Amino acid sequence: MSPDRSAPETRRRLRTRLLAPAIVVAACLVALAGFRAWQLRGAQEAIQLSGALQQAVASARGLDAVVAETRLLLVTLGELHDPNSKPEQNDAVLRRVYAAAPVRYANLWIADTTGHALGAARYPLGGREAFSIADRGYFRRALSEGQFVIGEIVASRTLPGQPRVLTFALPLFDSLSGRIAAIVGASIEADSLDVVRSIRALPAGTVLTILDSSATVVYRTADFENWRTRSFASDAGTKKNFSRGEGVGRGRSADGTDRLTGYKGMRSAPWMVYVGIPAKYTLDMVRNEVLRDFLAGALITMIILFFGYRAALGVVTPIESLTADARAIADGDAGRRSTVSSQDELGDLARAFNTMADTVEQRNAALRASQDQLLHAQKMQALGSFAGGIAHDFNNYLAAITAYAELGRDALDGHEAVRSDLDEVLAAAARASELTRQILVFSRRQIVELTAIDLNSVVQGIERMLVRLVGDAHRLEVSYADAAVTVVADRGQLEQVVVNLIANARDAMPDGGTVTLRVLQLEAAAGDTRVPGALPGTYAQLMVEDEGVGISPVTLTRVFDPFFSTKTRGHGTGMGLAIAFSIVEQSGGVLSATSTIGVGTTISLVLPLSADDPIEDTPRRDGAAEKRVRRSGRILLAEDNAAVRGSAERILTNAGYTVHSAADGPAALAQLAAAAEPFDLLLSDVVMPGMSGSTLAQLVRERQPGIDLLYMSGYADDASVLEAVASSGVRCVAKPFTISTLLDAVNEALSLSTRP
């Protein structure tokens with residue numbers, strides 16, 4: 001007895017037993033495919049016969065419509081014809097009718113009873129003298145029968161290339177003699193008939209044939225020259241078809257092709273229209289379906305064999321499979337699962353094993369997702385801190401540049417060229433300051449200074465910059481309100497909103513145009529969605545209009561979404577309007593957009609009006625005036641940046657103040673403790689290492705109650721610091737600052753003193 005061979009023998013027996021059901025399934029599939037092929041062939045033949053009949057009916061109706069329209073046209077031409085008209089006049093009339101006819105005619109003509117032209121829309125190369133139809137059968141029939149006739153399809157003598165044409169003729173009778181005075185006719189290119197073009201759109205080999213009442217071929221879309229005048233009068237099937245009027249049939253055509261045929265008799269002519277679709281087309285479709293059925297059967301058979309084999313192995317070696325799976329998972333293959341699926345204890349063990357593995361994988365996936373989310377949050381926080389840090393350092397540098405440049409300029413009396421250069425330095429520093437302001441908007445680390453400002457003043461202050469912004473290819477038109485339009489907002493942020501709106505309007509007109517900027521007061525009714533809360537009243541409004549291509553309604557709903565942009569990659573971040581929307585919303589206003597395709601787009605900014613008087617920017621004084629204004633007071637200055645601290649100390653000292661400076665909070669507290677006299681003002685940076693400006697202010701006021709406070713800041717990188725500064729009600733002067741800005745802020749802080 002050899003137990004080691006029992007398992008392989010069992011596997012061989014299972015494989016052998018699997019062959020029987022596989023063969024049965026394959027045989028059933030073959031039988032099913034054959035039965036489906038038989039059914040499908042019958043169904044496809046019925047469909048094709050119905051299609052052939054429908055096409056024949058449609059073709060017959062189309063030809064009837066052409067005959068009816070042509071007969072009506074010829075009757076109309078007969079009524080218009082003046083026997084006394086010259087041929088040239090007849091030519092002109094026929095050309096006009098030819099151009100306006102609803103049917104694409106090859107030619108329109110009027111001939112005398114000898115077959116020569118009395119007028120025609122088109123002539124052969126030889127001109128009027130070469131026009132002769134005396135030998136045409138339709139001409140002779142029209143003369144002999146004295147009625148509207150349909151001619152045979154013949155080669156044209158007028159058209160280039162002599163295409164086959166179908167001709168219609170109508171005799172015109174003399175009203176006095178009652179005799180035929182002329183024949184009016186029309187011809188149509190057979191290949192231009194809609195029924196012929198529609199046949200060519202059917203499967204290759206489809207043929208349209210027209211037989212006359214004598215069962216003679218009048219026209220055939222394929223090999224017409226060899227079929228022309230061929231008669232089927234002896235064909236019993238053709239005679240039966242003529243008696244029925246319409247029907248379907250199947251058989252081998254005279255050209256040796258098996259076709260499924262539909263036929264229909266015409267009302268306006270004794271013709272029968274046949275449409276034959278090759279039976280091969282149906283057989284090809286059936287062959288394809290049968291092939292798909294056999295392929296599907298083969299695939300199903302393979303699947304049965306595969307899963308049967310796997311089931312056999314699962315029954316024979318479940319323990320080995322579980323052991324291999326457990327080892328694979330232990331080696332790090334977390335996606336490995338047991339294939340055992342029997343309904344016994346081993347199957348239960350395998351399912352429990354798979355459940356355990358799924359649970360472990362789900363927990364690992366959840367852990368990885370949490371780690372990814374944490375990493376993303378850390379990256380975003382780092383990006384915000386990085387942007388804010390760059391802005392902070394830039395503002396410190398710009399504060400020193402601005403201050404020292406102003407000090408140098410004011411000290412240079414009579415050196416206008418140097419003063420002009422320093423003015424350019426100050427202008428560049430101001431532009432750089434605007435850049436850092438935008439960075440702070442992205443990082444949400446700016447300190448907002450809400451003041452009462454006039455929208456007219458805001459736009460006037462940046463109008464020259466806006467003109468440069470739109471460029472030479474565009475034109476900027478600005479209109480101001482007649483009176484002050486006062487709102488409460490941060491001036492810098494409001495300027496940024498206007499710049500963003502103008503830039504978007506410019507970009508909407510790549511080929512140039514006019515950008516219109518309006519400042520006005522809006523009288524809003526209840527429910528007006530353009531105003532905050534849709535409440536009625538008077539509001540401040542700023543509108544920017546462009547003459548661009550407009551925005552579609554679907555796109556218009558997303559223009560304020562962050563990162564949404566219709567510009568190509570590299571030509572827009574999709575944040576301009578989103579930032580503008582956020583700024584306006586934080587200021588208690590509404591930003592909305594309307595657009596008309598092909599006309600342009602209008603962006604409307606609406607803010608509540610303020611009853612306060614607007615606070616205008618203090619104009620910069622010249623150096624002499626600055627020297628004449630002397631102030632007094634003791635100021636404790638806390639600033640960690642040496643350049644900013646030095647420039648601020650020099651500005652305040654030149655203005656007449658006594659200044660004690662410190663590099664951080666602890667140094668400032670030491671200065672306070674060592675001072676023989678109390679200080680009038682604490683001027684502190686908001687963000688300093690070790691101790692924030694708000695914490696320093698609290699400690700200073702505890703030791704010297706009533707001291708005035710003034711902050712200066714490039715940004716606040718801590719939400720608690722930002723909240724403390726905002727809630728304290730203390731004014732904050734933004735870096736970089738000018739001499740006048742700093743002195744005015746200090747003077748205002750001292751003038752608001754609450755000390756007795």
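Just so you know, these numbers come straight off a predicted model, no measurement behind them. Index from 1, following the sequence. Just the heavy atoms: all of them, side chains too, but no hydrogens, waters or symmetry mates, feed the values below.
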Next item on the list: May I ask you to decide if N107's main-chain N or O and Y98's side chain share a donor-acceptor pair within less than 3.5 Å?
Entry: no
Item checked: Side chain proximity check, V515 to R475, heavy atoms < 4.5 angstrom -> no
Item checked: R140/D135 salt bridge by N-O under 4.0 Å criterion -> no
Note to self: Is the shortest side-chain heavy-atom distance between I603 and N504 below 4.5 Å?
What the structure shows: no
Notebook entry, point to check: What's the spacing between R136 CZ and E152 CD if we round to 0.5 Å?
Noted result: 7.5 Å
Item checked: Shortest non-hydrogen contact from A190 toward Y219 -> CB-CE1, 3.6 Å
Next item on the list: Would you give the length of the straight line joining atom CG of D91 to atom OG of S85, rounded to the nearest 0.5 angstrom?
Entry: 11.0 Å
Item checked: Atom CZ of R141: over 12 foreign heavy atoms under 6.0 Å -> yes
Notebook entry, point to check: Is there a side-chain contact between V499 and M465, using heavy atoms and a 4.5 Å cut-off?
Noted result: yes
Note to self: Assess whether a salt bridge exists between R518 and E545, defined as any Lys/Arg side-chain N lying under 4.0 Å from an Asp/Glu carboxylate O.
What the structure shows: yes
Check: To the nearest 0.5 Å, what is the distance between CD1 (I502) and CG (L517)?
Finding: 5.0 Å
Next item on the list: Taking atom types as modelled, find out whether Y263 and T209 have a side-chain donor-acceptor pair closer than 3.5 angstrom.
Entry: no
Check: What residues form a salt bridge (charged side-chain N to carboxylate O under 4.0 Å, His left out) with D258, not counting sequence neighbours?
Finding: R252
Next item on the list: Given side chain to side chain donor-acceptor pair (under 3.5 Å), test T601 with S595 step by step and report yes or no.
Entry: CA-CA 4 Å; T601 302; S595 185; 2.9 Å; yes
Check: Distance-only, no hydrogens or angles: does the H81 side chain make a donor-acceptor pair with backbone N or O of L77 under 3.5 Å?
Finding: no
Item checked: Within 6.0 Å of CG in D82, more than 12 heavy atoms from elsewhere -> yes
